[in-house]
Structures are given as C-alpha cells and as structure tokens.
Protein chains: 2
Amino acid sequence: MDARRDVFQAIADPTRRAIVLLLAVGSLTPNAIAEHFNSSRQAVSKHLKVLAECELVRAEQQGREMHYHLNKNKLKEIEKWLEQFKQLLEKRFDQLDNVLEQLKTKRK
Amino acid sequence: MDARRDVFQAIADPTRRAIVLLLAVGSLTPNAIAEHFNSSRQAVSKHLKVLAECELVRAEQQGREMHYHLNKNKLKEIEKWLEQFKQLLEKRFDQLDNVLEQLKTKRK
DNA sequence: AATATATGCAACTATTTGGTTGCGCAAAAT
DNA sequence: ATTTTGCGCAACCAAATAGTTGCATATATT
C-alpha cells in the first residue's frame, strides 16, 4: 500500500471503487465511509491514503475530522486512456464495427 | 496472478495497459508482444493470461502460434463505471459545486 | 526423422497488498 | 480537567502478485 500513485492501481481494488463512488455523492469522513459498508475504519483509512496518494481524492481537515472529497480532474486520466484506446480501435475497426453490431443484435 | 477476472485489476498493471494498447492496433503473438518492450516472453504470457481471464483479450490458435486480440466490449465495463461516476458527480454537484467553491475560498 | 520454434504450465522467490491491532495525538464533549 | 472521539501511523500477518527458471508439447523447418 506504499508509494503507489497510479490512478489505475488505485481503482483496481473494488473497495476503493466503492469509496470513490461514495465520495462522488459528497464529501465524507473515514468513519462515515467505514459505516457505509463492512470495512474497519483503519482499512478505509488505508484505502483513502492510496486514493490520496494518486490524487484521486483530497483531504481537508476540519477540526478533528478529515473530510475526503474527490478530485474530479483525476478521473480524466482514466478517460484519456480510454479515449486513446478507443481511437486506436476505431481507426482499425471502423468497418468491422458494423459487422459486430449486427452480430450483437442477432444474438440477443 | 491467479483467479483475478476483474477488468480494473487487469488494467492496474502498467505493462498490461501497454499490452492492451498494443493489441488495440492489431492481433499479436506473445513473442511479438514481448519483443515490443523489455519483458520476457513468460512475463508477457502471464499478463496475457490475466487479460484473457477477465476477457479483455481473446486467444486464437493458429498453428503453433497463439494470436491475442482485444475484446472491445469488455472495455465498456470501464466506460460504464466512469459514466455512472460522472452522472453522480453532475447530478449532485451542479448546484452544490458553487457552494463548495465558496466555502473553499472562504476558509483559505 | 531430427531439429528448431512457439507456447503453456508448474514451482519457486521477492515484493506488494489488504487487513488487523495497538499506539499516540489533537480536538470535542462532559 | 478528564474523558471520549476521530484520526493517522507503525508493526505485523496472510494472501496475492509479478517475475524467473525449468520443463513438456505441439507445430514448423531442415
């Protein structure tokens, strides 16, 4: 759980993906997150650390509470990758695509 | 490297992401992939196994060669997640956003 | 037929990971 | 002032991971 600051590695863990989705709705404290699903506070805290390291999440202290919220921009890294990927695919497969679409509708 | 059949975990590894991008351009054999960057054939083969397990990649035997190619549809799982995420963000934050911005600037 | 090539599989290793427990500290609540 | 609460940190542990090496097997090449 150490020096990993890669968005993709951060969202590899299902618990972390859940946390990210939770935080999409609003800012939360570690305790509040932990209560949302069966995970100890410490476990959540560690996940938050990972998410914070890759800057998917930002922490803000408010009194003795820490409020974690998403860094929307960071999600764009994932989007970018997907986009790059899709462009490559489209270039190669733009004709094949139609065939595949037909196959799909046929199957269902 | 065992029973992991999760797209997100599959693309967590940078080498695997590179492989996926390579395969976006066209179908390749393990050896061909390994030559593309500094990784042993075995290592690549293992990565391909992971990618195949989560169905991001499909294998086709051709004589003694295995040809690996992408499964475009699987990428949609990632897209879906991102989409879900973005919707949450937009729904909740289009008004809240301003408030949060104000709070932030006030505190600083 | 004999050799070379392409590949997958199993065993082994070092590293990383997710999780727990125990601690300390600072901010609230009493 | 004392206790409670929210949190992060460090140490530890079991499991998983990425990678290596050494096979075995099937298909090409000679």
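Atom set for the values below is all heavy atoms of this structure, side chains included, hydrogens, waters and symmetry mates excluded.
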(request) Find the distance A:I19:CD1 to C:dG19:C1' and express it as a whole number of Å. (result) 13 Å
(message) Holding to side-chain hydrogen bond (donor to acceptor under 3.5 Å, both in side chains), I want the full list of residues that pass it with A:E55, two or more places apart in sequence or in another chain.
(response) none
(message) For a 4.5 angstrom cut-off between non-hydrogen side-chain atoms, does A:L75 reach B:K86?
(response) no
(request) Send over the distance from A:R17 CZ to C:dG18 C1', rounded to a whole Å. (result) 14 Å
(request) Scan nucleotides 8-15 of chain D nucleotide by nucleotide, 5' to 3', and note B when protein non-hydrogen atoms come under 4.0 Å of the base, S if they reach only the sugar-phosphate, - if neither. (result) BB-B----
(message) For D:dG19 and B:H47 - does any side-chain N or O of the residue sit under 4.0 Å from the phosphate oxygens OP1/OP2?
(response) yes
(message) Quick test of your reading: applying ring pair (Phe, Tyr, Trp, His ring centres under 6.0 Å), list the pairs with at least one residue in residues 55-77 of chain B, sequence neighbours left out, ordered by first then second residue.
(response) none
(message) Just N and O in the side chain of A:N31: are any of them under 4.0 Å from OP1 or OP2 of D:dT5?
(response) no
(message) Using whole Å, what does the distance between atom C1' of nucleotide C:dG18 and atom CZ of B:F8 come to?
(response) 19 Å
(message) Under the rule for salt bridge (Lys or Arg N to Asp or Glu O under 4.0 Å), what residues qualify as partners of B:E77, not counting sequence neighbours?
(response) B:K74
(request) Start with the C-alpha distance between B:I11 and A:W81, add both sets of side-chain angles, then the distance that settles side-chain contact (heavy atoms from CB on, under 4.5 Å), and finish with yes or no. (result) CA-CA 11 Å; B:I11 60 162; A:W81 185 78; 3.9 Å; yes
Could you list, one pair per line, each protein nitrogen or oxygen that sits under 3.5 Å from a nitrogen or oxygen of nucleotides 24-27 of chain D, together with the distance?
{"from": "D:dT27", "atom 1": "O3'", "to": "B:R64", "atom 2": "N", "distance (Å)": "3.3"}
{"from": "D:dT27", "atom 1": "O2", "to": "B:R64", "atom 2": "NH1", "distance (Å)": "3.2"}

(request) List for me each residue that meets side chain to side chain contact (heavy atoms under 4.5 Å, CB included) alongside A:N73, sequence neighbours excluded, and say none if there are none. (result) A:N71, A:K76
(request) Report the residues that fulfil side chain to side chain contact (heavy atoms under 4.5 Å, CB included) with B:T15, sequence neighbours left out, ordered by chain and then residue number. (result) B:D13, B:I19, B:F37, B:S39, B:H47
(message) By the salt bridge (charged side-chain N to carboxylate O under 4.0 Å, His left out) test, which pairs, at least two apart or in different chains, include something from residues 17-26 of chain B?
(response) A:D6-B:R17
(request) Output yes when at least one side-chain N/O atom of A:T15 is less than 4.0 Å from OP1 or OP2 of C:dG18, else no. (result) no
(message) Classify A:S40 by what it touches in the nucleic acid, base, sugar-phosphate, or nothing, heavy-atom distance under 4.0 Å.
(response) sugar-phosphate
(request) To the nearest Å, give me how far apart CD (A:Q9) and P (D:dA16) are. (result) 17 Å
(message) Can you measure B:R16 atom CZ to D:dA16 atom C1' for me and round it to whole angstrom units?
(response) 12 Å
(message) Once salt bridge (Lys or Arg N to Asp or Glu O under 4.0 Å) is applied, do any residues pair with B:E35, and if so which ones, sequence neighbours excluded?
(response) none
